[in-house]
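Encoded as structure tokens, the structure appears first; notes follow it.
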Amino acid sequence: MTVHLWVRAEQRPNEERVGLMPEGVAALKAAGIRVSVEESSVRALPIDGYRAAGAEIVAENSWPQAPADAIIFGLKELPEDGTPLPHRHIMFGHAFKGQPAGQVLLKRFKAGGGALYDLEYLVDDTGRRVAAFGYWAGFAGAAVSLKCWAAQQHGAICGPVGPVSSKTELIEQLEDDLQSLGRPRALIIGAKGRVGTGAADLCAELGVQTTLWDMEETAHGGPFPEVLAHGIFLNCILARPGCPVFVPREALTQVRRLSVIGDIACDPTSDFSPIKIYDRTTDWENPALRVAEFPLLDVTAIDNLPSLLPVESSQDYAAQLLPTLLQLTDIDAGVWARAKADFDRHSAAL
């Protein structure tokens, strides 16, 4: 049976990314995979390139009516309308760490008989993710954190942020934001990973001094008074069992230099979140959440940061993911089988 990949339009606000480039369509078709791509009023990549590459162009948001054997591929959340999900979906589900919304999503799959192949859990045989937006999440997350810090210096809270055409444009924005201001010192935890590397690169572009920590520096499990001694803390560690607490609740009342936390990993509703002073994500309209007044402390935790740079982040991610998409012809083996096993295990625990 021919594999049919259906690339859906993103339906959440401020999401312009896509996980497949036109050249990827051509490669999949050459491998015998049928590709349908929905039209999209928001996608950063124009539909003409997909049409020229040989994709079947279908109506925006028509995936619920896709053939039963189609594999629906998107990035971010589906509309939370409670409907059963009969298809196989490839997406970031945010469902395997105890998140309340994730439990609802798993119940929808159970009701419909479909399955979730979570992009976060596509791993090779060594356990390393085959593709990640991490670098761009780190780059953009550090940028928003600096915007929050700059706003504080002017007695304000960070205003709305939006997508830019390139990282060059983003750097120019930040240079304007920071004009006539000094530079804070930033602590990056998870500095050796993709996310931390992106955050460190952004800081280097703007002359922000950084303290770079990874597993060795956090292995003792805490407490971590050094976090409070920096102006900005950038958390680049995914919430997982055994993750240390970097910012406990009592930090709100302790003496500190810290005034901005960029929770780039951004999983505040997880039981394993290392930052215990906030309980909800922020968004593009209101990127900063003020959690303390004296002295100021803002948290920024946007869960689709790479969309600030939708073209560059999509191109990078799609190139990483394409070799795995080509393996969809053997979905019951390797990367895909491991992802399905994760879904089955968490679904069984409902």
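Quick note: residue numbers are just sequence positions, from 1. Just so it is clear, the structure is predicted and the values come from calculations on it, not from any experiment.
What you find for Ile232 and Leu258 is that their closest heavy atoms are C-CD1, 3.9 Å. Of all non-hydrogen atoms in Ala143 and Leu170, the two that sit nearest each other are CB-CD2, 3.8 Å.
Using a 3.5 Å distance cut-off with no hydrogens or angles, the side chains of Trp284 and Asn304 do pair a donor with an acceptor. Of the N and O atoms on the side chains of Ser166 and Glu312, not one donor lies less than 3.5 Å from an acceptor on the other residue. A donor atom on one side chain and an acceptor atom on the other are found under 3.5 Å apart for Glu15 and Ser307.
Panel note: side chain Arg88, backbone Gly114; no donor-acceptor pair is recorded below 3.5 Å. Asp298 places no side-chain N or O within 3.5 Å of a backbone atom of Ala288 that could act as its donor or acceptor partner. Ser270 places a side-chain N or O within donor-acceptor distance of the main-chain N or O of Phe272, the cut-off being under 3.5 Å. Checked by atom type and distance alone, the side chain of Glu77 never pairs as donor or acceptor with a backbone atom of Gly93 at under 3.5 Å. Judged by distance alone, the side chain of Glu205 and the main-chain N or O of Asp201 form no donor-acceptor pair under 3.5 Å. Of the possible donor and acceptor atoms, one in the side chain of Ser62 sits under 3.5 Å from a partner among the backbone N and O of Ala59. Under the 3.5 Å distance criterion, the side-chain polar atoms of Gln11 are left unmatched by any main-chain donor or acceptor of Asn61. With Arg290 contributing its side chain and Leu297 its backbone, the two residues share no donor-acceptor pair below 3.5 Å. A donor-acceptor contact shorter than 3.5 Å links the side chain of Thr282 to the backbone of Ala301.
Using a cut-off of 4.0 Å between Lys/Arg side-chain N and Asp/Glu carboxylate O, Arg8 and Glu38 are scored as not salt-bridged. For Arg240 and Asp271, the salt-bridge test fails: no basic side-chain N is under 4.0 Å from an acidic carboxylate O. With respect to the salt-bridge test (charged N to carboxylate O, under 4.0 angstrom), the residues Asp303 and Arg12 qualify.
Counting non-hydrogen atoms of other residues, nucleotides and ligands closer than 6.0 Å to CZ of Arg185 gives a total above 12. In the displayed structure, Lys76 atom NZ is contacted under 6.0 Å by more than 12 heavy atoms of other residues, nucleotides or ligands. Heavy-atom neighbours of Gln103 CD from other residues, nucleotides or ligands within 6.0 Å: above the threshold of 12. More than 12 heavy atoms of other shown residues, nucleotides or ligands fall within 6.0 angstrom of atom CD in Gln65. Within a 6.0 Å sphere centred on NZ of Lys276, heavy atoms belonging to other residues, nucleotides or ligands number more than 12.
Contact annotation: the side chain of Trp213 never approaches that of Ile188 to less than 4.5 Å [non-hydrogen atoms, C-beta and beyond]. Side-chain contact between Thr324 and Trp336 is present, with at least one heavy-atom pair separated by less than 4.5 Å. Between Val144 and Pro287, some side-chain heavy-atom pair lies under the 4.5 Å cut-off. Within the 4.5 Å cutoff, the side chain of Gln99 has heavy atoms near those of the Asp267 side chain.
The hydrophobic cluster containing Trp6, built from Ile/Leu/Val/Met/Phe/Trp/Tyr side-chain heavy atoms closer than 4.5 Å, also comprises Val58, Trp63, Ile72, Leu78, Leu85, Met91, Phe96, Leu105, Leu106, Phe109, Leu116, Tyr121, Phe343, Leu350.
Ring geometry for Tyr317 against Phe133 counts as parallel: the plane angle stays under 30°, on a 0 to 90° scale with 60° as the upper cut. Note on ring orientation: taking the six-membered ring where Trp is involved, the planes of His89 and His87 are perpendicular (angle over 60°, cut-offs 30° and 60°).
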* To do: Assess whether side-chain contact (heavy atoms from CB on, under 4.5 Å) is satisfied between Thr211 and Glu226, documenting all intermediate values.
  => CA-CA 10 Å; Thr211 301; Glu226 297 91 342; over 6 Å; no
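Paired with Ile90 under the rule side chain to side chain contact (heavy atoms under 4.5 Å, CB included), one option of Leu75, Leu321, Leu119 passes, and it is Leu119.
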